[in-house]
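Both backbone and side-chain heavy atoms feed into the values below; hydrogens, waters and symmetry mates do not. Protein chains get the first letters and strands the later ones, always in sequence-line order, with residue 1 at the start of each.
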Number of protein chains: 2
Amino acid sequence: MTEELNTGLLLYLPYRAMETRVFEELAAAGFDDITPSQARVFQRIAPEGSRLSDLARQAGITKQSAGFLIDQLERLGYVHRVPDPGDGRARLVRIAERGHRSVEASRAVVSRVEAEWETHLGARRMAQLRRILADLREITDPWR
Amino acid sequence: MTEELNTGLLLYLPYRAMETRVFEELAAAGFDDITPSQARVFQRIAPEGSRLSDLARQAGITKQSAGFLIDQLERLGYVHRVPDPGDGRARLVRIAERGHRSVEASRAVVSRVEAEWETHLGARRMAQLRRILADLREITDPWR
DNA sequence: CTTCTTTGGTCAGTCTCTCTGACGGGATCG
DNA sequence: CGATCCCGTCAGAGAGACTGACCAAAGAAG
C-alpha cells in the first residue's frame, strides 16, 4: 500500500539507512572513534583544504560548533590545520593521512550500498534518481 | 558540472531544505516552541496512538530519549497519554488538539514546498522521484 | 499456580553537540 | 590612518542523546 508519506520523509529514510551503514562498517574497519556530527563536517572539506567558516556554513552549523568538531578530528588524526597563505586571519583545515584512509574506506561502503540500491531499483531508475536529485539540488542547496 | 556527490548526501540536501522550511513557517504560524527532535518523534505517531517504544524504534533513538521528548510535547499541549486498553504496562501517545492544528499547518508547508519542487522538476519527474523513493523504502526502512 | 523471561516505561547520571555573546587580530577600503 | 568587516577562539548554557539500573505487567514454561 502506497502510504501518503511526504517527500521529505521519503528522502530521509534512505539517507539515514546509508549513514547507518557507513558508520557501522567504518567502525568495524577500525574507524570507531568518529561520530556522525564530525563526519558531516569532515565530508565537506575540499581537496585543497577549507576554511572553518566555510565548513560551518556548508554544514549548516555555527563556526563555534564547527571549531569544536574540527578540534576533535585534529586530535584523532583525521585532519590538521595549516595557515592560509592568502589570508593571515584564516587557517586551512586539511585532510591528514588517517583522514585519507577513512575517506577511502567510506567510499567503498557507499559504493557497496549504492550497488545494492541499484540491484533493487534497476540501473535505469537508479540513474534517474541520481539525475533528479542532482537537479533538485539546484534549488535546495544554498551553497552551490 | 555534475560533481560526484554520493547518493546519501544528494538525498540529505533536499531533506534538510524541506525540514528547514517547515520549521521556519511553522514558527511563523505560532508553533515556535517545537524543536526538530520533538518533531521527528511526533511525526511518527499513528492516528490511533502509538506506544513510546514503537516511536523510539521508528525514530531510531532509545526509549529514554523518546520519553524525554514526549514529556515536553505533552507539556506543550501537542500530545497526551492514555492507558493502553489492551496492555496494562503500556500507555498510548495520542495527538492532542494543538497537535492536530500543527499537523494541519505543516501539511500545508510540505505541500507548498513539494509544489515548488514540482515546478522545478516538472510533474513527470516529480512523480518518478516519489515512486522511486517509495520503492527504495522497501529496503531502507526497517519498520515497514 | 509459581517461576522465568520478555516487554513497556521510568529514573539517574553523563557526554556530545549546538547555540549565543563577547572578543582579539588581520584584511580592506575610505 | 581609522572605520569596518571577516576569521577564528573563549566562555557559558541548554538540548538531546546514550548507558545502566530498575519496577511492573504480560507471556511462557514448569
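Of the residues in residues 15-39 of chain B, none lies under 4.0 Å from DNA chain C by heavy-atom distance. The stretch residues 64-82 of chain A touches DNA chain D through A/Q64, A/R81, each having a heavy atom within less than 4.0 Å of the strand.
There is a side-chain donor-acceptor pair under 3.5 Å between A/E19 and A/Y15. Checking A/R130 against B/T7 by side-chain atom types alone, a donor-acceptor pair falls below 3.5 Å. A/Y78 and A/D33 are linked by a side-chain donor-acceptor pair at a separation below 3.5 angstrom, with hydrogens and angles left out of the test.
For A/F42, there are no ring pair (Phe, Tyr, Trp, His ring centres under 6.0 Å) partners at least two apart in sequence or on another chain.
In terms of modelled atom types and a separation under 3.5 Å, the side chain of B/E24 and the main chain of B/R21 share no donor-acceptor contact. For A/R44 (side chain) and A/A59 (main-chain N/O), no donor-acceptor pair under 3.5 Å exists by modelled atom type. Remark: side-chain polar atoms of B/H120 are paired, donor with acceptor, to backbone N or O of A/D135 under 3.5 angstrom. Side-chain N or O atoms of B/S65 include none that pairs as donor or acceptor with a backbone N or O of B/I61 at under 3.5 Å.
Bending across the helix from C/dC1-D/dG30 to C/dG30-D/dC1, expressed as the angle between its end axes from five pairs apiece, amounts to 30° (10° rounding).
Counting heavy atoms from C-beta outward, A/E104 and A/R101 have side chains that stay 4.5 Å or more apart. Using a 4.5 Å heavy-atom threshold, the side chains of A/I70 and A/Q38 count as separate. Between B/V82 and B/R91 there is no side-chain heavy-atom pair separated by less than 4.5 Å. Two residues are said to be in side-chain contact when any heavy atoms from C-beta on lie closer than 4.5 Å; B/L9 and B/N6 meet this criterion.
The nucleotide range of DNA chain D contacted by chain B, defined by atoms under 4.0 angstrom from heavy atoms of the protein and reported 5' to 3', is D/dG16 to D/dA26. The footprint of chain A on DNA chain C, defined by a heavy-atom cutoff below 4.0 Å, extends from C/dC17 to C/dA27.
Counting any heavy atom pair closer than 4.0 Å across all strands shown, B/D84 reaches no nucleic acid atom.
A/V41 pairs in a side-chain contact (heavy atoms from CB on, under 4.5 Å) with only one of the listed residues (A/V79, A/L55, A/L52), which is A/L55.
By the 4.0 Å N-to-carboxylate-O rule, A/E25 lies close enough to A/R112 to be salt-bridged with it. The pair A/R57-A/D54 meets the salt-bridge criterion, since a charged nitrogen lies less than 4.0 angstrom from a carboxylate oxygen.
Each of B/S53 and A/I61 was assigned the nucleotide of DNA chain C with the nearest heavy atom; the assignment lying further toward the 5' end belongs to B/S53.
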